[in-house]
2 protein chains.
Amino acid sequence: MRQIIDERTGGTVRPPYGTEPHCPTVRIAAHVTVLHEGDPARRIMEVVEGAVMLSKLLPDGRRQVVELLGPGDVFGLAHADIYACSAETLTPATINTHERGALERDPVLAARLLRRFEAQLCVMHAHALMLGRMSALERVAFFLLRLMPDGMVGTTLHLSMTRQEIADFLGLTLETVSRAFSELKRRGLVVLQRADEVRIQDRGSMRRLAGAL
Amino acid sequence: MRQIIDERTGGTVRPPYGTEPHCPTVRIAAHVTVLHEGDPARRIMEVVEGAVMLSKLLPDGRRQVVELLGPGDVFGLAHADIYACSAETLTPATINTHERGALERDPVLAARLLRRFEAQLCVMHAHALMLGRMSALERVAFFLLRLMPDGMVGTTLHLSMTRQEIADFLGLTLETVSRAFSELKRRGLVVLQRADEVRIQDRGSMRRLAGAL
DNA sequence: CGACCTCTTGATCGATGTCAAAAGGTGTGG
DNA sequence: CCACACCTTTTGACATCGATCAAGAGGTCG
């Protein structure tokens, strides 16, 4: 079972290995839930290193992964002083935490967050287009391109998400994600060394499937 | 046909009735496209009054309405100095425009935008949950509750969107949206005085359908 | 009244969800 | 090193929701 550290049980996000308590920068293991949707929102966090997944739940348990975050991205946002999403590390991660009040006091921080929010909002717009209008195959192609910076062509990408997590991100079921991977492989657009190691073989076709990007 | 005013043809967003050119606050008629996805991003805009719809297109013409904006909301965001979305007024609207550079110079503006971006990001997270995980009926219920501030119970809401626009917002087809309205009416959760005038009859059931909110 | 929209409703089809079983991988203990 | 248990992934069969195609109803404006 995955370890859970949160503000309710600990009072503070506590790094698994020695750092001062309340230190703004913490190191967190993979698969740790850092924030819970619905908890009182005391802090804003920045990913320094590693990957973090934000998700929301419906009352009956249906889950949507709403954002995938990497270095520089910000989370811990709130409506009415309540966290809007849960946050879970996908890999070991380094995270910077700020008191909410620091936003008013620190204009440099505020400027950085403003730029970052703009970028994340644009990514969310693209995500909405994907969720609302793309087929399963297109979604998976879109997902893989998103994880593959243009630089790393022919490189092998390590997916640090299960099929279920990918499905929850793409608004599909894990079976449909698996079938889409198989179809991309069958068409020669992608090579799967293992279930979690992908190489993009035909970037042009992938782009066409994903509709630009 | 709907009138189109954009930066390519005019150089400036020009209000339909007399205001100085380059005046930061403009009045715009309903159904006017204010920004085009892909155009060079020179300005950031704030809705002062009225409603604005942001949308994105796939190369083959599929459309997703990614945000519905009201007073206070901000648009004109950019990735790589290119507008990420098109923006179209749904009603006559008053809009405030700022040069992008003003963000660095005006800390008060920056602080306001920061707060607003946070709120819009939270709304996008909810939108992603809706698009990825809700049924057609749930989406329409969610949509109607979103337009109905808690205050106005029993009030009649005027929809300033066509079924097609609602469908593009909810990731459905116009026929499915129409059927969902009929089903909500049949179940007595909603009264439709006309196609574009709705009253919520049973807010509890609507909430349950929409999954909180 | 008639033309033109938009909306509603019906019939059918297909993509994706659901349910189920088998295959593949990984870690543990003998 | 092998055997077993456990978990994830893949694949198959079938069901279902929403898309598509098509026709008709309702509203608005000339």
Side-chain angles (χ1 to χ4, degrees), chain A residues 1-3 30-31 53 58 60-65 90 130-144 157-187 190-198 209, chain B residues 1-3 30-31 53 58 60-65 90 130-144 157-187 190-198 209:
Chain A
M1 195 52 205
R2 293 185 167 177
Q3 182 193 0
H31 312 302
M53 168 176 85
L58 248 17
D60 64 0
R62 281 174 285 176
R63 181 175 76 157
Q64 177 68 37
V65 171
L90 288 171
M130 185 275 294
L131 290 172
R133 293 299 181 212
M134 287 187 183
S135 73
L137 200 64
E138 290 168 338
R139 293 182 200 206
V140 172
F142 179 86
F143 170 71
L144 290 176
L157 170 73
H158 180 83
L159 300 176
S160 34
M161 299 169 76
T162 65
R163 294 289 183 264
Q164 180 63 62
E165 287 165 341
I166 295 170
D168 285 344
F169 182 59
L170 301 181
L172 300 169
T173 60
L174 70 95
E175 294 95 330
T176 300
V177 171
S178 179
R179 279 185 247 270
F181 270 107
S182 299
E183 177 65 15
L184 290 176
K185 191 170 61 178
R186 204 186 58 66
R187 294 195 194 177
V190 132
V191 177
L192 283 172
Q193 274 101 337
R194 303 181 345 172
D196 60 351
E197 294 198 337
V198 197
L209 261 181
Chain B
M1 195 50 207
R2 293 187 168 177
Q3 182 193 1
H31 311 302
M53 168 176 84
L58 247 17
D60 64 359
R62 281 174 286 178
R63 180 175 77 157
Q64 178 67 36
V65 172
L90 287 170
M130 185 275 294
L131 290 172
R133 292 300 182 212
M134 287 187 181
S135 71
L137 199 65
E138 290 169 337
R139 293 183 200 206
V140 172
F142 179 87
F143 171 71
L144 290 176
L157 170 73
H158 180 85
L159 300 176
S160 34
M161 299 169 76
T162 65
R163 294 289 183 263
Q164 180 63 62
E165 287 165 341
I166 296 170
D168 286 343
F169 183 58
L170 301 181
L172 300 169
T173 59
L174 72 94
E175 294 95 330
T176 300
V177 170
S178 178
R179 279 186 248 270
F181 271 107
S182 300
E183 177 65 16
L184 289 176
K185 192 170 60 178
R186 204 185 57 69
R187 295 195 193 178
V190 131
V191 177
L192 283 171
Q193 276 100 338
R194 303 183 343 175
D196 60 352
E197 294 198 336
V198 197
L209 261 182

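The distance from the CG atom of B:Leu172 to the OG atom of B:Ser178 is 12.0 Å, given to the nearest 0.5 Å.
In this structure, B:Arg63 forms no cation-pi arrangement with B:Phe169, as its terminal cationic atom is not both closer than 6.0 Å to the ring centre and no more than 45° off the ring axis.
When rounded to the nearest whole Å, the span between CG of B:Asp196 and P of C:dC5 equals 18 Å. Nucleotide C:dT8 holds its P atom 12 Å from the CG atom of B:Leu184, rounded to whole Å. The nearest whole Å value for the distance from the CZ atom in A:Phe181 to the P atom in C:dA23 is 23 Å. Per the geometry, CE belonging to B:Met134 stands 19 Å off C1' belonging to C:dT16, to the nearest Å. The interatomic distance linking B:Gln193 (CD) with D:dG26 (C1') rounds to 16 Å, in whole Å. Rounded to a whole Å, the CZ atom of A:Arg133 is 13 Å from the P atom of D:dG18. What separates CD of B:Glu197 from P of D:dG27 is a distance of 12 Å, to the nearest Å. Here the C1' atom of nucleotide D:dT8 and the CG atom of A:Leu159 are 13 Å apart, to the nearest Å.
With sequence neighbours excluded, the residues satisfying side-chain hydrogen bond (donor to acceptor under 3.5 Å, both in side chains) with B:Arg187 are B:Glu183.
Here the nucleotide nearest the side chain of A:Ala136, chosen from C:dT8, D:dT9, C:dT16, is C:dT16.
OP1 and OP2 of C:dC7 both lie 4.0 Å or more from every side-chain N or O belonging to B:Arg194.
Under a 3.5 Å cut-off, the side chain of B:Arg139 and the backbone N or O of B:Val177 do not form any donor-acceptor pair. Remark: side-chain polar atoms of B:Glu165 are paired, donor with acceptor, to backbone N or O of B:Thr162 under 3.5 angstrom. A donor-acceptor contact shorter than 3.5 Å is absent between the side chain of B:Arg179 and the backbone of B:Ala136.
Rounded to 10 degrees, the angle between the two end axes of the helix from C:dC1-D:dG30 to C:dG30-D:dC1 is 30°, with five pairs used at each end.
Between A:Asp168 and B:Arg133, at least one side-chain N (NZ, or NE/NH1/NH2) sits under 4.0 Å from a carboxylate O, which counts as a salt bridge.
Residues from residues 167-179 of chain B lying near DNA chain D, meaning a heavy-atom separation below 4.0 Å, are B:Gly171, B:Leu172, B:Thr173, B:Glu175, B:Thr176, B:Arg179 in numerical order.
The shortest distance between side-chain heavy atoms of A:Phe181 and A:Leu159 falls below 4.5 Å. A:Leu170 places none of its side-chain heavy atoms less than 4.5 Å from the side chain of A:Thr176.
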